[in-house]
Amino acid sequence: MKRTLLLATTAGVLAFAGSAATPSDAKAEGLQANIGGFYNWLVIGRDQDPGAFGRGEVDPRSYDFNQRGRYTVSGSYTLDTGMTVGFQSQHEIQQSFGTDRAYVFMSGDFGMLQAGNHQSAAYQLHTFVGGAGWGLDDTAHTNEIVAPGATSWNTILTVPYGPVYIGPRVNYFTPRINGFQAGVSFTPDSSRGSDGQRFVTDKAIDLVEPIQEDIISAAVNFAGTFQGFDVSASAGGEFSLSTGDFTVGAVEDEFGVFSTGIALGWQNWEASFAYAYRNMSAFSAPLPVRNRDLFDPQDPGAGTALVGGDDGSRQDFGGSLTMAVGPWTVGPSFGYVRDKSSQNQSLPGATQTFGREELWIAELGANYALGPGVNIRGSAMYVDWDSDESQRDGDGIGVGVGMALTF
């Protein structure tokens, strides 16, 4: 099955079904750790207008190098009852091997239960926008190929995540029945310590207050074949049921996001489309925590890196079309973001009014498979920023070519 269709139900949901040891293997070996992951390296050339984002003119250089990688450590054990128990942790190679995700799971005829630091069920079941190049949808490389200028982002986010991207939560996934699978998540609140943990007895709890509480995520996903087409589709959302005690400015409303996606594969062709709506914009959505030691009643922004009005919203659209011929996969992708915000307070006491921001992005990508897990990949991108403030308008082009390894 093709690249986007595999992304539709992520490795966190399906990977262990294939890697789990059989009962006889488990008895002989016990719980064994396996190492996998990915590593990308690329060289970049770009030409773009300088942009302003509350810090003066930004004029990035015309070339760059970029890399990103992650180790995945996982293991599983199948009990005599047939239930599989296991764990997974992920560690960022370029960030001193910092832990990115870490969770335990149990799976069987009842489905799968995950507990720990992970993305929500709606995220894991989401059908992403595909592509032949480095990608546009929640990708790590778009902001490097064409550096952020008039806005702080050059990527679409059709994924349904809210106040907590990766954090302490519990996820449950049903078994896949007739192609359908559902999932739900619960996250206590949007506060967490610097290590991603949240304990009632943790002294750090006195230094933070949650902005969003009782965060619920739910989604349904379909994967199967219909009339000769490989089909993957999803719909999901994430919502906070209440706000915390801490409000700054107008940040008082509960957070909500809805997203949907579909991918169709036919012979060597694949098309994908996804959409997301958030009731807070990227600029008005608050950070999860503030430091109470820095709080100043005369300056509500002190100790909070980003707060703002809550009457904003953000919409993300994206699509792609790819064709595979032999070792080659080629095709275009596009994205559009409309972000409406009332205000942004990037530094204590310094408020900026942004209003409407729009982002248009297009990519022409190509991937050449040298062998299993070894790919040469490239993207040519065009990005256009449009804002109610003329000094924040601009556009740029960039090319990124490099090697993508999976292991």
Side-chain angles (χ1 to χ4, degrees), residues 8-17 19-20 31 72-79 81-91 98-126 138 159-177 180-202 204-205 208-221 234-244 254-259 278 288-289:
T9 306
T10 62
V13 183
L14 288 183
F16 296 107
S19 64
L31 184 64
T72 298
V73 181
S74 61
S76 61
Y77 186 102
T78 301
L79 305 175
T81 60
M83 184 174 70
T84 299
V85 180
F87 73 95
Q88 183 178 110
S89 62
Q90 300 183 18
H91 311 273
T99 302
D100 186 58
R101 301 164 183 82
Y103 61 95
V104 296
F105 74 91
M106 295 182 294
S107 64
D109 294 338
F110 60 88
M112 175 179 283
L113 182 69
Q114 298 173 340
N117 267 30
H118 203 354
Q119 284 123 333
S120 68
Y123 186 104
Q124 295 183 59
L125 291 177
H126 181 61
D138 192 25
V159 291
Y161 77 81
V164 181
Y165 180 57
I166 299 173
R169 55 166 49 98
V170 175
N171 297 327
Y172 169 71
F173 301 92
T174 68
R176 187 170 294 277
I177 302 174
F180 288 92
Q181 185 177 32
V184 294
S185 300
F186 175 73
T187 307
D189 59 47
S190 58
S191 296
R192 55 179 179 159
S194 60
D195 58 354
Q197 304 303 310
R198 178 84 158 113
F199 300 108
V200 174
T201 58
D202 192 342
I205 210 70
V208 298
E209 290 179 336
I211 292 178
Q212 303 292 334
E213 295 180 326
D214 302 325
I215 303 166
I216 303 295
S217 169
V220 62
N221 168 282
S234 67
E238 188 164 320
F239 312 92
S240 61
L241 302 183
S242 63
T243 57
E254 293 82 2
F255 183 92
V257 56
F258 169 79
S259 71
R278 292 169 174 79
V289 299

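Atom CZ of residue R278 and atom OG of residue S259 lie 7.5 Å apart, to the nearest 0.5 angstrom. Within the model, atoms CE of M106 and OG1 of T84 stand 11.5 Å from one another, a figure rounded to the nearest 0.5 Å. Taking OG of S74 as the start and CD of Q88 as the end, the distance is 5.5 Å to the nearest 0.5 Å. The distance from atom NE2 of H126 to atom CG of D138, rounded to the nearest 0.5 Å, is 9.0 Å. For the atom pair S89 OG and N117 CG, the distance stands at 11.5 Å (nearest 0.5 Å).
Annotation: salt bridge (Lys or Arg N to Asp or Glu O under 4.0 Å) contacts of R169 (sequence neighbours excluded): E238. When the side-chain hydrogen bond (donor to acceptor under 3.5 Å, both in side chains) test is applied to T99, the partners found at least two apart in sequence or on another chain are H91. Evaluation of the ring pair (Phe, Tyr, Trp, His ring centres under 6.0 Å) rule for F110 yields no partner, not counting sequence neighbours. The side-chain hydrogen bond (donor to acceptor under 3.5 Å, both in side chains) check on T72 picks up nothing, with sequence neighbours excluded.
At least one donor-acceptor pair closer than 3.5 Å links the side chain of S217 to the backbone N or O of A122. N171 contributes a side-chain N or O that, together with a main-chain N or O of Q119, makes up a donor-acceptor pair within less than 3.5 Å. T174 places a side-chain N or O within donor-acceptor distance of the main-chain N or O of A182, the cut-off being under 3.5 Å.
Closest non-hydrogen pair, G75 versus F105, comes out as O-CE2, 4.1 Å. Of all the heavy atoms in A219 and A121, the pair that sits closest is CB-O, 4.5 Å. The minimum heavy-atom distance between V73 and F87, with the atom names listed, is O-CE1, 3.7 Å. The shortest non-hydrogen separation linking D214 to F186 is CA-CE1, 3.9 Å. Annotation for G256 and F239: closest pair CA-CD2, 3.7 Å, computed over non-hydrogen atoms. Minimum heavy-atom separation, F180 to V220: CD2-CG2, 4.3 Å.
A side chain to side chain donor-acceptor pair (under 3.5 Å) with N221 is found for exactly one of R176, Q124, Q181, namely R176.
For residues 101-120, no pair satisfies salt bridge (charged side-chain N to carboxylate O under 4.0 Å, His left out), with sequence neighbours left out.
Here the side chains of I216 and V184 are not in contact, with every heavy-atom distance at 4.5 Å or above. Between Y77 and L79 the shortest side-chain heavy-atom distance falls below 4.5 Å.
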